[in-house]
Peer 1: 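Before I ask anything, here is the structure I am working with.
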Amino acid sequence: NGVSFTLEPGEKVAVVGPTGSGKTTLIQLLDALILPGKGDILYDGVSLRELSRAGRLFSVRRRMGVLFQFPENQFFHETAYEELTFALKNFFDLSDEEIERRARVTAGRFNLDIDALKRVSPFNLSSGEKRRLALVSALLTSPEVLILDEPTAGMDASGRRELTRLIAGLEGVTILLVTHNLEDFLEIADRCLVLSQARLVADIPRDRLLDRLDGLESEGVTPPLVLKVQDLLARQGVDLGGVVYSMDELTGRLGSRLDSSR
């Protein structure tokens with residue numbers, strides 16, 4: 001309802017908000033799965049409505065990769081390899097050899113064994129492997145925009161760190177991260193969009209989040225613990241020499257401060 005914002009090429013933007021705030025609907029709009037009831041969406045200045053009237057919505061979808069919250073809901077092939085290469089086979093005129101070459105290169109970056117994927121059903125993979133399979137499948141088409149819906153949901157701490165590291169390493173891709181856990185992506189997000197009751201209530205650069213913690217909580221968003229701790233320390237007059245975005249760095253700064261005071 002009245003949502004308006006701009007995504008710049010190469011940005012990594014987190015979208016947060018309580019359940020029912022409109023995050024999933026936003027994803028479906030951006031991927032042209034549904035059309036806006038009012039207003040419009042522009043891709044490089046080209047209207048989504050115009051593309052729809054011309055029957056060219058595929059030109060938008062080919063530019064995007066989407067990883068939904070439950071990747072198994074996207075699977076329908078017998079083998080994980082067929083699932084992985086589906087988009088390449090259907091959207092591009094490539095030989096089987098070229099498809100496999102591309103798949104091996106990209107899957108290798110995410111520790112997925114192509115030969116093993118040819119023998120296993122995607123439904124028999126672990127939750128982390130399913131996420132990586134769906135992510136690699138989305139990346140194989142070289143999308144300009146990658147939309148990730150709760151990519152770390154249900155994963156343990158090590159799995160979340162590994163997936164975040166992989167996402168951080170993606171270059172030349174605009175990334176929209178929809179998440180309930182902003183802390184997972186605090187180190188890599190350039191800014192944060194806050195949705196509440198289908199409205200965009202805040203568009204906050206990362207370096208201003210520490211000043212807006214009360215506002216996040218008032219909209220039903222749990223502020224990252226690493227920022228809450230720094231806010232409490234600042235109120236006690238503890239200067240860390242700048243904002244940090246990970247608990248590891250925060251504990252390191254505190255340890256250095258204690259060492260220097262001895």
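Computed from a predicted model, the values in this text were never measured in an experiment. Count residues from 1 along the sequence.
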Peer 1: Is there a continuous path of hydrophobic side-chain contacts, each under 4.5 Å between heavy atoms, that joins Leu42 to Leu48?
Peer 2: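 No, it is not one cluster - the side chains of Leu42 and Leu48 are not joined through contacts under 4.5 Å.
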Peer 1: Decide whether Val178 and Leu67 are clustered together by the hydrophobic rule: side chain heavy atoms of Ile, Leu, Val, Met, Phe, Trp, Tyr closer than 4.5 Å, transitively.
Peer 2: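 Shared cluster, no.
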Peer 1: Is Leu166 reachable from Leu84 through a run of hydrophobic residues whose side-chain heavy atoms are each under 4.5 Å from the next?
Peer 2: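 Leu84 and Leu166: one cluster.
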Peer 1: Under the salt bridge (charged side-chain N to carboxylate O under 4.0 Å, His left out) rule, what do Arg235 and Asp231 come out as? Steps first, then yes or no, please.
Peer 2: CA-CA 6 Å; Arg235 293 174 190 271; Asp231 182 54; 3.0 Å; yes
Peer 1: Looking at Arg208, I want to see if its CZ is surrounded by more than 12 non-hydrogen atoms of other residues, nucleotides or ligands under 6.0 Å.
Peer 2: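 Incorrect, the count does not exceed 12.
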Peer 1: Please round to the nearest 0.5 Å and tell me the distance separating atom CZ of Arg161 and atom CG of Asp184.
Peer 2: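 Result: 10.0 Å between the selected atoms.
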Peer 1: Would you say Thr174's side chain and Gly10's backbone share a donor-acceptor pair under 3.5 angstrom?
Peer 2: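 Yes: the side chain of Thr174 pairs with the backbone of Gly10.
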Peer 1: If you group Ile, Leu, Val, Met, Phe, Trp and Tyr by side-chain heavy-atom gaps below 4.5 Å, do Leu209 and Leu177 land in one group?
Peer 2: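 No, it is not one cluster - the side chains of Leu209 and Leu177 are not joined through contacts under 4.5 Å.
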Peer 1: Can you establish whether the number of heavy atoms outside Glu98 located under 6.0 Å from its atom CD is more than 12?
Peer 2: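 Yes, the 6.0 Å shell around CD holds more than 12 heavy atoms from other groups.
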Peer 1: Would the distance check show the side chain of Ser218 and the main-chain N or O of Gly215 forming a donor-acceptor pair, the cut-off being under 3.5 Å?
Peer 2: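 Present.
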Peer 1: Examine Arg206 relative to Tyr245 and say whether NZ or CZ is less than 6.0 Å from the centre of the six-membered ring and inside a 45° cone about the ring axis.
Peer 2: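 The answer is yes; both the distance and angle limits are met.
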Peer 1: Please determine, by modelled atom types, if Ser126 and Glu129 share a side-chain donor-acceptor pair under 3.5 angstrom.
Peer 2: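 Yes, because at least one side-chain N or O of Ser126 sits under 3.5 Å from a partner of the opposite role on Glu129.
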Peer 1: Less than 3.5 Å apart, any donor N or O on the side chain of Glu82 or Thr79 sitting next to an acceptor on the other?
Peer 2: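 Looking only at side-chain atoms, Thr79 and Glu82 do form a donor-acceptor pair, the distance falling under 3.5 Å.
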Peer 1: Using 4.0 Å as the upper bound for N to carboxylate O, is an ion pair formed by Asp239 and Arg253?
Peer 2: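 No, this pair does not count.
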Peer 1: Between atom OH of Tyr81 and atom OG of Ser137, what is the distance when rounded to the nearest 0.5 Å?
Peer 2: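 It is 11.5 Å, given to the nearest 0.5 Å.
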Peer 1: May I ask you to check whether over 12 heavy atoms, not counting those of Gln28, lie within 6.0 Å of atom CD?
Peer 2: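 Yes.
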Peer 1: Find out if a path of hydrophobic residues (ILVMFWY) with successive side-chain heavy-atom gaps under 4.5 Å connects Leu146 to Val13.
Peer 2: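 In one cluster with Leu146: Val13, no.
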Peer 1: Taking the six-membered ring of Phe92 as reference, does the cationic atom of Arg62 (NZ for Lys, CZ for Arg) lie under 6.0 Å from its centre and within 45° of its axis?
Peer 2: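 Verdict for Phe92: a cation-pi partner in Arg62.
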Peer 1: Ignoring hydrogens and angles, tell me if any N or O in the side chain of Glu219 forms a donor-acceptor pair with the backbone of Leu195 under 3.5 Å.
Peer 2: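 Pair absent, no side-chain N/O of Glu219 close to backbone of Leu195.
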Peer 1: Please report the interatomic distance CZ(Arg104) to CG(Leu117), rounded to the nearest 0.5 Å.
Peer 2: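 Between Arg104 CZ and Leu117 CG, I get 9.5 Å after rounding to 0.5 Å.
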Peer 1: Does CZ in Arg212 sit with more than 12 non-hydrogen atoms of other residues, nucleotides or ligands closer than 6.0 Å?
Peer 2: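 Open: at most 12 neighbouring heavy atoms sit under 6.0 Å from CZ of Arg212.
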